[in-house]
**Q** 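Below is the structure I would like to discuss, written out as structure tokens.
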Amino acid sequence: MATVSISKQLLTKVLSSYIILTFIVAAVQLGYTYVTVKNQIIEDLKQLEQTINVSLTQAVWDISDIQVSAIGQGIAAMSLVRAVIITEESHQVMYQSGELDGFDTKKFLTPSSTTLQHNDLFGYSTSLIYDFSSNSSFGSSNTIGHIAIFSSDELVFQKVGAQMLFPVIGAVFSIILLSFLIKRLFRNLLTTPLETLSHGIARIDLENLGQARLNPPSSQQDELTTLANSFNLMLVKLEEYNASLEQTKLKLVNANQQLDRQNVYLEQEVTKKTANLSQAITELAQQKNELEESEQELLASLTQLKETQTQLVQSEKMASLGSLVAGISHEINTPVGIGVTAVSYLSECVRTLDEKINDKTLTQKYMTKFIEDANSGCALLTTNLNKASQLIQSFKDIAVDQTSEAVRDVNIHQYLHEVITSLQPKLKRTQHKIEIEGADDIVIHCRAGALSQVFTNMILNSLIHAFDKVEQGVMTFKLKHDDEHVFIEYHDNGSGINQESLDLLFEPFFTTKRGQGGSGLGTHILYNIVTQSLHGEIYATSELGHGLNYFIKFPKPKGIVEQELEQQGKGINKKEA
Ligand SMILES: Nc1ncnc2c1ncn2[C@@H]1O[C@H](COP(=O)(O)OP(=O)(O)O)[C@@H](O)[C@H]1O
Ligand SMILES: [Mg+2]
């Protein structure tokens, strides 16, 4: 698209507006001048008519055609007059000159004064009034004729033309001058600086922005100067931007290089890691196999461990049985020893008696002494054999209970005494005491061995652990019961244990005497017997230095008859169901 300069555009627009405006003003002025000139001419015509009015009226009154014609010609000769018509009162034309074809005198010439228009002629008509009062006895005035004087539009135009010539020439001249001036001004103020700017901008070289700097196009601080300054500012910003772009480019190149290096490194790492990974996978598979094997082994060990635990529990039982046996042999030793001494003393007495009989030295006195000795020997023998027999019986009961699963009626109070008797070998040489309080009439149908193990474990643990450093320990049993349950409370006033040990007390293999004969199974067995064999509950409390307490509660086992009845009841229920 071809460029059209701003100054040209402005010039065209400003000038055309100016010309249109000038034309409008000129047209208004022309119209105004036309009307003014025309009115002026009509005024002049009136003036003329007034000048000749008296003489013409007189001439018409006198009906002097010659005089009327002379006056008419005189008027017609005037430069601004184009036509004249003079009539009598009856509209009979007395004089006429100019182009008045088709002018109807009756229509236009009225008794009053008026302006007229006929074709391109315009004019003024008035009536000729004769004043009778001055020279006759009529005593009034009257219309005696009419006169109409015409000028033409052409004359008006001529006058207007003459009046408008100079203003029009002035306007045209001023338009030319103005256009020249405006063009010059526009060129100086706008086009040239703009061209300078656009050349400057066109010169922009991104590589050398400094060169494209613009000088302010004018010394004045105007919009173009601001534009140039802004452009220069933009160049500075561009330079800065270029610099930062350059730096970013450099960084980018660096980063790219680093990225390439890292890529290479990463690829190497990936290769290495892949190798490692496959090795790790192989190792993992191996480990899995090994784990599976060790799991098998662990399972086997667990089974073995369980077996061992059962064995250990068994051997713990056996151990207490062993100590029982040791006790038996120790306890029976004394009465049997006394018995043996008594028997040998008796056989010695018998042998002496036999000798005395053979020697025939037997006296009455000796015989009496022999019988006394024999009697006391026999008595000693009987007492000690009875004692031994009693001991054996009680040991036998406990031992049988401990090894058999037999269920029988047990009086807890009595049975506790029997257990304590069986533990005499351990208690005898100490100063510890066992006290039994509470009900002595609790009889339950249960596995006596279970009960004996419960009591034995509690007493032995107190002897071994609680009274380790105590001379005169006291162990107390409290026996209670209601319709449903049996309650056994046990207390020793020994060393007690701390909270940490208390939490582990019933755990299997927990012992503070490992390597000194402790297996850590005693309390575990105790717990299992109470909870499983006796279907009860047990808990322990203790405080370091204040002894240890057990609280046992278990339901009274039902007698055989009741159990059988219950079994039958269940059978019936099942059948019904
Ligand atoms: N009456 C008690 N007084 C103090 N400590 C006790 C008592 N009874 C048990 N213990 C503690 O509980 C631990 C576990 O007892 P137990 O299971 O019978 O194993 P063991 O007697 O073989 O050590 C004992 O090692 C001891 O530390
Ligand atoms: Mg123990």
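Order of listing sets the numbers, starting from 1, for every ligand and every atom in it.
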**Q** Are Ser462 and ligand 1 in contact, using a heavy-atom cut-off of under 4.0 Å?
**A** yes
**Q** Residues in side chain to side chain donor-acceptor pair (under 3.5 Å) with Thr226, at least two apart?
**A** none
**Q** Are any of the N/O atoms on His465, whether in the backbone or the side chain, positioned under 3.5 angstrom from an N/O atom of ligand 1?
**A** yes
**Q** Would Leu521 count as a contact of ligand 1 if the rule is a heavy atom under 4.0 Å away?
**A** yes
**Q** Kindly indicate, with the supporting measurements, whether the criterion side chain to side chain contact (heavy atoms under 4.5 Å, CB included) is fulfilled by Asn375 and Ile371.
**A** CA-CA 6 Å; Asn375 267 339; Ile371 289 166; 3.8 Å; yes
**Q** Taking the minimum heavy-atom distance to atom 18 (O) of ligand 1, which of Asn461, Leu548, Thr512 ranks first?
**A** Asn461
**Q** Heavy atoms only, cut-off 4.0 Å: how does Asn457 contact ligand 1, side chain, backbone, both, or neither?
**A** neither
**Q** Short list, please: which atoms of ligand 1 are under 4.0 Å from a heavy atom of Gly520?
**A** 17 (O), 19 (O), 20 (P), 22 (O)
**Q** Apply the ring-ring contact (aromatic ring centres under 6.0 Å, His included) test between Tyr490 and each candidate in Phe477, Phe551, Phe455; give the one that qualifies.
**A** Phe477
**Q** Taking the side chain as every heavy atom from C-beta outward, state whether Ile538 and Phe506 have any pair of such atoms under 4.5 Å apart.
**A** yes
**Q** At a 4.0 Å threshold, what atoms of ligand 1 neighbour a non-hydrogen atom of Ile497?
**A** 4 (C), 5 (N)
**Q** Of all the atoms in Asn461, is at least one N, O or S atom closer to the Mg ion (ligand 2) than 2.8 Å?
**A** yes
**Q** Is ligand 1 under 4.0 Å from a heavy atom in the side chain of Asp492, in the backbone, in both, or in neither?
**A** side chain
**Q** Do Met475 and Phe467 come within less than 4.5 Å of each other through their side chains, counting heavy atoms only?
**A** yes
**Q** Can you confirm whether or not the ring centre of Tyr550 sits under 6.0 Å from the ring centre of Tyr539?
**A** no
**Q** Which ligand 1 atoms are under 4.0 Å away from a heavy-atom of Gly522?
**A** 16 (P), 17 (O), 18 (O)
**Q** Which bit of Thr523 gets closer than 4.0 Å to ligand 1, counting heavy atoms only: side chain, backbone, both or neither?
**A** both
**Q** Does any N/O atom on His524 come nearer than 3.5 Å to any N/O atom on ligand 1?
**A** no
**Q** Does anything in residues 458-481 pair up under salt bridge (charged side-chain N to carboxylate O under 4.0 Å, His left out), and if so which pairs, sequence neighbours excluded?
**A** Asp468-Lys513, Lys480-Glu489
**Q** Carefully, step by step, assess Asp373 and Leu346 under the rule side chain to side chain contact (heavy atoms under 4.5 Å, CB included).
**A** CA-CA 8 Å; Asp373 284 351; Leu346 266 181; 6.0 Å; no
